[in-house]
Chemist: 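The structure is given below, and queries will be raised subsequently.
Just so you know, residue 1 is the first one in the sequence shown, and it goes up from there. The structure presented is a predicted model; accordingly, all values stated were derived computationally and were not measured.
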Amino acid sequence: MAVVSCISVVRYFSDFITTRVDVEITLDEFKVKVCKQWQQFTPLGICFFFREGGKDLPVDCDYLLQALTTLAHSKKKTSFDIFLQNVTHVASSSSSRAVSSICNGSSMSSRNNCSVGMYLEDMSKSAKPLLSDGWPKVLGEIGHLFVEGVKQVRIAYTKYRLRTGFNMVLTHNECSRFTAKCGVKECGWKFLAASIDERNEIFMVIAYNPEHTYGASGRNLNQKYSISFTSSFIFRATMELLWSIIMPIVVGKGL
């Protein structure tokens with residue numbers, strides 16, 4: 001079976017490049033491909049975002065980049081836009097040396113040197129929080145309710161696993177019960193949520209030990225994700241975005 005792929009149009013101010021990506025590409029691989037065409041940048045000095053509903057949303061991990069490809073393919077689009085941001089921090093006293101280093105030599109034109117210098121990020125600006133920063137706490141605590149059943153629990157668990165990188169094992173994944181434990185036997189991390197109504201529509205966290213006692217060894221921050229998670233994540237993010245736009249209008253009109 002052919003791997004799903006499409007064209008990514010990478011935009012940087014008025015410039016752009018195109019490169020083919022598929023649903024298996026990692027963020028690091030994508031950065032390397034971009035920097036081969038834009039040699040004034042380095043993989044460690046750039047990040048990406050996409051625009052949805054007038055908002056800039058960060059692409060800060062593998063599955064979000066892969067999700068854009070999946071979404072474009074599902075909509076039968078041949079390409080999608082993604083925007084590059086230069087996040088290289090350079091002190092003002094050493095800006096000329098940094099520009100020279102970033103440009104990979106002194107043979108570049110003065111126009112390119114000037115352009116790179118203009119795009120250096122102001123260190124006084126605080127970084128925007130990432131969408132996934134809150135995912136390590138998405139499982140809640142004992143007594144927390146998931147009002148959309150086991151599907152919502154599965155999504156929360158996947159967010160936690162992908163964001164933290166810990167290897168966990170599912171012991172029950174049923175319509176009335178969801179339990180997981182750490183993949184390391186000596187670790188005390190465990191999570192249990194169960195249905196509290198006859199129709200299995202509401203789940204509650206019954207037991208949860210959030211501490212990984214064996215530390216960060218064995219963590220993997222590039223874990224794979226399922227297509228169902230991608231679809232659910234994109235759908236929820238889209239609905240939340242639409243709700244944030246519609247709600248102020250409704251309140252303003254007193255409806």
Chemist: Report, as yes or no, whether the 6.0 Å neighbourhood of atom NZ on K181 holds more than 12 heavy atoms from other residues, nucleotides or ligands.
Modeler: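 Counting other residues, nucleotides and ligands, NZ of K181 stays at 12 neighbours or fewer.
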
Chemist: Sub-3.5 Å donor-acceptor pair from the side chain of N209 to the main-chain atoms of G188, do we have one?
Modeler: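 It does hold such a pair.
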
Chemist: Working to the nearest 0.5 angstrom, can you tell me the gap between T179 OG1 and I206 CD1?
Modeler: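 T179 OG1 to I206 CD1: 12.0 Å, rounded to 0.5 Å.
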
Chemist: Shortest non-hydrogen contact from T69 to C6?
Modeler: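 Where T69 meets C6 most closely, the heavy atoms are CG2-SG, 3.8 Å.
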
Chemist: Do the side chains of D81 and R11 get close enough for a salt bridge, i.e. N-O under 4.0 angstrom?
Modeler: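 Salt bridge flag = yes for R11 with D81.
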
Chemist: Within this structure, what is the CD1-CZ distance for the pair I7 and R20, rounded to the nearest 0.5 Å?
Modeler: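 One gets 4.0 Å once the value is rounded to the nearest 0.5 Å.
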
Chemist: Can you tell me how far the OH atom of Y63 sits from the NZ atom of K159, to the nearest 0.5 Å?
Modeler: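 Reported value, rounded in 0.5 Å steps: 8.0 Å.
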
Chemist: Any idea which heavy atoms bring V10 and L84 closest together, and the distance?
Modeler: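 That would be CG1-CB, 4.1 Å.
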
Chemist: I17 vs V34, test: side chain to side chain contact (heavy atoms under 4.5 Å, CB included). Steps then yes/no.
Modeler: CA-CA 8 Å; I17 60 171; V34 170; 4.0 Å; yes

Chemist: What distance separates F50 CZ from K55 NZ, expressed to the nearest 0.5 Å?
Modeler: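 It is 11.5 Å, given to the nearest 0.5 Å.
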
Chemist: For residues C35 and P43, report the shortest heavy-atom separation together with the two atoms involved.
Modeler: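 Looking at all heavy atoms of both residues, the shortest contact is SG-N, 3.5 Å.
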
Chemist: Give a yes or no answer on whether the side chain of S176 reaches the backbone of S195 with a donor-acceptor pair at less than 3.5 Å.
Modeler: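 Looks like no, no N/O pair under 3.5 Å.
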
Chemist: For the NZ atom of K77 and the CG atom of L68, what is their distance to the nearest 0.5 Å?
Modeler: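 K77 atom NZ to L68 atom CG measures 10.5 Å (nearest 0.5 Å).
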
Chemist: Taking Q152 for the side chain and V147 for the main chain, is one N or O donor matched with an acceptor at less than 3.5 Å?
Modeler: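 Yes; at least one donor-acceptor contact below 3.5 Å.
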
Chemist: Please find the pair of heavy atoms, one from V153 and one from A193, that lie closest to each other, and give the distance.
Modeler: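 Shortest heavy-atom separation between V153 and A193 comes out as CG1-CB, 4.3 Å.
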
Chemist: Going hydrophobic residue to hydrophobic residue with side-chain gaps under 4.5 angstrom, can you get from I46 over to L65?
Modeler: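 Linked, I46 and L65 end up in one cluster.
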
Chemist: If hydrophobic clusters are built from ILVMFWY residues whose side chains come within less than 4.5 Å, do F191 and I142 share one?
Modeler: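 As far as the 4.5 Å side-chain criterion goes, I142 and F191 are connected within one cluster.
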
Chemist: Ion pair present between E174 and R177, side-chain N to carboxylate O less than 4.0 angstrom?
Modeler: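 Salt bridge between E174 and R177, a charged N being under 4.0 Å from a carboxylate O: yes.
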
Chemist: Quick one, I202 with I196, criterion side chain to side chain contact (heavy atoms under 4.5 Å, CB included). Give me CA distance, side-chain angles, the key distance, then yes/no.
Modeler: CA-CA 6 Å; I202 301 177; I196 58 173; 3.8 Å; yes

Chemist: Can W38 be reached from F30 by stepping across I, L, V, M, F, W or Y side chains whose heavy atoms are under 4.5 Å apart?
Modeler: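 F30 clusters together with W38.
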
Chemist: Are F49 and I82 co-members of a hydrophobic cluster defined by side-chain heavy atoms under 4.5 Å apart?
Modeler: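 No: no chain of side-chain contacts under 4.5 Å links I82 to F49.
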
Chemist: Given 3.5 Å as the limit, does a donor-acceptor pair link the side chain of E141 with the main chain of P210, or not?
Modeler: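 Between the backbone of P210 and the side chain of E141 there is no qualifying donor-acceptor contact (under 3.5 Å).
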
Chemist: Aromatic ring centroids of F178 and F203 under 6.0 Å?
Modeler: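 No; F203 has its ring centre 6.0 Å or more from that of F178.
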
Chemist: What distance do T26 atom OG1 and K31 atom NZ have between them, rounded to the nearest 0.5 Å?
Modeler: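 Taking OG1 in T26 and NZ in K31, the distance rounds to 10.0 Å.
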
Chemist: Name the orientation class of the two ring planes belonging to H212 and W189 (parallel below 30°, tilted from 30 to 60°, perpendicular beyond 60°).
Modeler: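 The rings of H212 and W189 lie parallel, inter-plane angle below 30°.
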
Chemist: Between Y208 and Y157, is there a shared hydrophobic cluster once you connect ILVMFWY residues whose side-chain heavy atoms come closer than 4.5 Å?
Modeler: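 Yes: a chain of side-chain contacts under 4.5 Å links Y208 to Y157.
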
Chemist: Does V3 reach the side chain of V23, with side-chain heavy atoms less than 4.5 Å apart?
Modeler: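 A side-chain contact exists here, since the closest heavy-atom pair is under 4.5 Å.
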
Chemist: Which atoms form the tightest heavy-atom contact between L27 and C61, and what is the distance?
Modeler: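 Closest approach of L27 to C61, heavy atoms only: CD2-N, 3.7 Å.
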
Chemist: How close do Q66 and I25 get, heavy atom to heavy atom, and via which atoms?
Modeler: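 Reported closest heavy-atom pair: NE2-O, 2.6 Å.
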
